[in-house]
Amino acid sequence: MITTVAVHQMRSLRRQRTFLALLGTFLVMTALAGVLGWSSQRTIVRVYEAAVSLLRDRGSQAPPNPFALKPTLSMLSNMAIYVPLIGALLALILGHVSLADDQATGVERLIFSRPVRRSAYFLGKVGAAAVVLALILVVSFVVSAVSLVLVNDAALTADDLLRLATFYGLSWLYLNVFALVGMVTVLLARRRSMALLAGIGVWLVLTFAVPQFTSGLAPVASLHPVTNPVSTSQPFFEFTARGRPYSVTEQYKRASAVVLETAPSESTASTVRRVLPIVGLLVLLFLVAGFLVRRHDASTGIADE
């Protein structure tokens, strides 16, 4: 029954072209990260070549090519920003649609009029969302790998592929958190619009508000890591900074930067500890959503407006 619900949900997403919309957006994100990485590399290379020519004319020795010292995966550093900013919002919509459509159209009442366990229904919906996100990220992984080969003009090593796969695996965990947020808000709200608005509110809190408070960042700086934020000298931010290890967005960005080698290296145990808050929130939301599904009154449904 779990497989039946999951397959039905994925077919529904395909008919509504929701899957294609999500896939297209992720591909644009990945391509944009590649284009920006290529553009910045070409700019720096041109500046370097001009500097080499000038130093050669002066009889001085030129420094090594800066891109020869950069990690291969550094071109994808923008993906660690796009996933929490855009990817999480898309995952939220995916989770919202997974339950809201059944409630609004009355399909949910028909399903539960038959001997279908609520746990099987819930696991099928969660499984469908997880599989859809996995398929999208696999395609994004392939596009990223091809982009890296084209830009760097060299094949990726086994270590590069492992790091890239680890980054997308971490992104999959992070996106599933927001898919569950979309489901939980549907189960708590009586109107579809309020459910979506509540989900977006949670996305804003986790993506912008919490990183700002725990890092002492200016609002626009929450998109990019800052080594020594000046605001942490204030008592309020000294207190809120204690919650930084539990900020899922901050820990995702930091772990992603370590995996992509765009941040100072750290031990594997330290990186795993950064992932634990994401896993913990994922498990908590899974348990809450499962509890709400069991307590949900399918006869009431959810209003479209």
Side-chain angles (χ1 to χ4, degrees), residues 18-41 70-96 129-130 132-152 160 163-179 181-182 199-200 202-212 215 217-226 247-263 274-275 278 281-282:
T18 303
F19 175 77
L20 292 178
L22 295 175
L23 178 61
T25 305
F26 265 89
L27 290 181
V28 170
M29 285 169 45
T30 307
L32 182 60
V35 169
L36 291 177
W38 173 82
S39 177
S40 62
Q41 175 176 341
K70 291 193 65 175
T72 305
L73 304 181
S74 61
M75 187 193 74
L76 298 177
S77 58
N78 285 326
M79 285 296 293
I81 299 173
Y82 297 157
V83 170
L85 185 63
I86 302 174
L89 187 58
L90 296 175
L92 173 71
I93 296 173
L94 174 63
H96 172 88
V132 167
L133 290 174
L135 291 175
I136 291 172
L137 290 176
V138 166
V139 176
S140 182
F141 169 85
V142 174
V143 173
S144 296
V146 172
S147 299
L148 289 169
V149 170
L150 293 177
V151 172
N152 295 311
D160 291 335
R163 286 181 175 276
L164 190 60
T166 303
F167 166 72
Y168 277 105
L170 176 60
S171 299
W172 180 77
L173 284 177
Y174 183 83
L175 293 179
N176 273 286
V177 169
F178 287 89
V181 168
I200 293 176
V202 174
W203 170 75
L204 289 172
V205 169
L206 294 179
T207 305
F208 295 98
V210 173
Q212 180 183 348
S215 304
L217 299 175
V220 294
S222 61
L223 296 177
H224 301 278
V226 177
S247 172
V248 292
T249 300
E250 283 294 296
Q251 296 309 313
Y252 167 80
K253 290 180 180 179
R254 178 63 181 180
S256 297
V258 171
V259 171
L260 296 176
E261 296 183 302
T262 58
R274 296 184 184 280
V275 180
I278 301 175
L281 182 57
L282 181 66

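For reference, positions follow the sequence shown, starting with 1. Computed from a predicted model, the values in this text were never measured in an experiment.
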Engineer: Checking R274 now: which residues fulfil side-chain hydrogen bond (donor to acceptor under 3.5 Å, both in side chains) with it, not counting sequence neighbours?
Structural biologist: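 Per chain and number, R274 pairs via side-chain hydrogen bond (donor to acceptor under 3.5 Å, both in side chains) with Q251, E266.
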Engineer: Under the side chain to side chain contact (heavy atoms under 4.5 Å, CB included) test, which residues partner S77, sequence neighbours left out?
Structural biologist: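 Once residues adjacent in sequence are excluded, the partners of S77 under the side chain to side chain contact (heavy atoms under 4.5 Å, CB included) criterion are T262.
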Engineer: What distance do S247 atom OG and R254 atom CZ have between them, rounded to the nearest 0.5 Å?
Structural biologist: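 Between S247 OG and R254 CZ, I get 13.5 Å after rounding to 0.5 Å.
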Engineer: Between S171 and Y252, is there a side-chain donor-acceptor contact under 3.5 Å, judged purely by atom types and distance?
Structural biologist: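 The answer is yes; a qualifying pair exists.
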Engineer: Mind jotting down which residue pairs meet the side chain to side chain donor-acceptor pair (under 3.5 Å) criterion with at least one end in residues 20-29? Sequence neighbours excluded, please.
Structural biologist: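 For residues 20-29, and leaving out neighbouring residues, there are no side chain to side chain donor-acceptor pair (under 3.5 Å) pairs at all.
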Engineer: When you compare the side chain of L281 with that of L206, does any pair of heavy atoms fall below 4.5 Å?
Structural biologist: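 A side-chain contact under 4.5 Å exists here.
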Engineer: Over all heavy atoms of both residues, which pair between N78 and A33 is shortest? Give the atoms and the distance, please.
Structural biologist: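 Nearest pair, atom of N78 first, then A33: CB-CB, 4.3 Å.
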Engineer: Once you round to the nearest 0.5 Å, how far does CG of L76 lie from OG of S147?
Structural biologist: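 Spacing of CG (L76) from OG (S147) equals 7.0 Å.
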Engineer: Looking at residues at least two apart in the chain, or sitting in another chain, which of them share a side-chain hydrogen bond (donor to acceptor under 3.5 Å, both in side chains) with S140?
Structural biologist: T30, Y168
Engineer: Any non-hydrogen side-chain atom of F19 less than 4.5 Å from a side-chain atom of V132?
Structural biologist: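 Side chain of F19 against side chain of V132, heavy atoms only: contact under 4.5 Å found.
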Engineer: Kindly write out the residues that satisfy side-chain hydrogen bond (donor to acceptor under 3.5 Å, both in side chains) with E261, not counting sequence neighbours, or none if the list is empty.
Structural biologist: none
Engineer: I need the D160 CG to L164 CG distance, nearest 0.5 Å.
Structural biologist: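 D160 atom CG to L164 atom CG measures 8.5 Å (nearest 0.5 Å).
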Engineer: Looking only at heavy atoms, which two atoms of A88 and Y174 are closest? And how far apart?
Structural biologist: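 That would be CB-CE2, 4.0 Å.
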Engineer: Do F178 and L90 have side chains that approach each other closer than 4.5 Å (heavy atoms only, starting at C-beta)?
Structural biologist: no
Engineer: Supply the atom-to-atom distance L23 CG to L137 CG, rounded to the nearest 0.5 angstrom.
Structural biologist: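 Here the interatomic distance stands at 10.0 Å.
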Engineer: A255 and L170: which non-hydrogen atoms are nearest, and at how many Å?
Structural biologist: CB-CD2, 3.7 Å
Engineer: Which heavy atom of V177 sits nearest to which heavy atom of L282, and what is that distance?
Structural biologist: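 Heavy atoms only, the tightest pair is N-CD1, 3.7 Å.
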Engineer: Between V258 and R163, what is the shortest heavy-atom contact and its length?
Structural biologist: O-NH1, 3.4 Å
Engineer: Out of curiosity, L173 CG to I278 CD1, how far, rounded to the nearest 0.5 Å?
Structural biologist: 7.0 Å
Engineer: What side-chain donor-acceptor pairs closer than 3.5 Å can you find for residues 80-87, not counting sequence neighbours?
Structural biologist:
none

Engineer: Provide the closest heavy-atom pair for L92 versus I200 in the form atom of the first, atom of the second, distance.
Structural biologist: CD2-N, 3.5 Å
Engineer: Rounded to the nearest 0.5 Å, how far apart are CG of L94 and NE2 of H96?
Structural biologist: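 So the gap between those two atoms works out to 11.0 Å.
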